[in-house]
Amino acid sequence: MPVYEYRCNRCGREFEIRASISEYSKGLEPVCPECGARECERLISLAAILGDSTSRCGNPRGGGSGPCCGS
């Protein structure tokens with residue numbers, strides 16, 4: 001299940017929400033677990049940029065073979 005990362009705009013705490021893609025598509029309403037604020041922004045995680053350990057490249061920094069590595 002994908003993990004979505006957020007930061008609270010009130011207290012600055014970063015937290016994660018696990019939700020299916022369909023749940024996310026319907027609209028998550030994150031609530032800060034620290035202060036209860038609903039004013040949260042989604043962060044772009046490093047895993048989302050590089051891919052996770054199950055990617056076809058095998059090496060998220062590149063150098064592997066396969067379509068995701070540009071070869």
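Along the sequence shown, residues are numbered consecutively beginning with 1.
Note: C35 SG to R10 CZ = 4.5 Å, rounded to the nearest 0.5 Å. Rounding to the nearest 0.5 Å places CD of E5 at 13.5 Å from SG of C40.
With a 4.5 Å cut-off on side-chain heavy atoms, P30 and F15 count as touching. Counting heavy atoms from C-beta outward, Y24 and R42 have side chains that approach closer than 4.5 Å. Put simply, the side chain of V3 does not reach to within 4.5 Å of the side chain of I17, judged on heavy atoms.
Applying the side chain to side chain donor-acceptor pair (under 3.5 Å) test to every pair with at least one member in residues 31-41, sequence neighbours left out, gives these pairs: R13-E34.
By the criterion of side-chain heavy atoms lying less than 4.5 angstrom apart, applied directly or through intervening Ile, Leu, Val, Met, Phe, Trp or Tyr residues, I21 is grouped together with Y6 in one hydrophobic cluster.
What you find for L28 and E23 is that their closest heavy atoms are CD2-O, 4.0 Å. Here the shortest heavy-atom pairing between G36 and V31 reads O-CG1, 3.5 Å.
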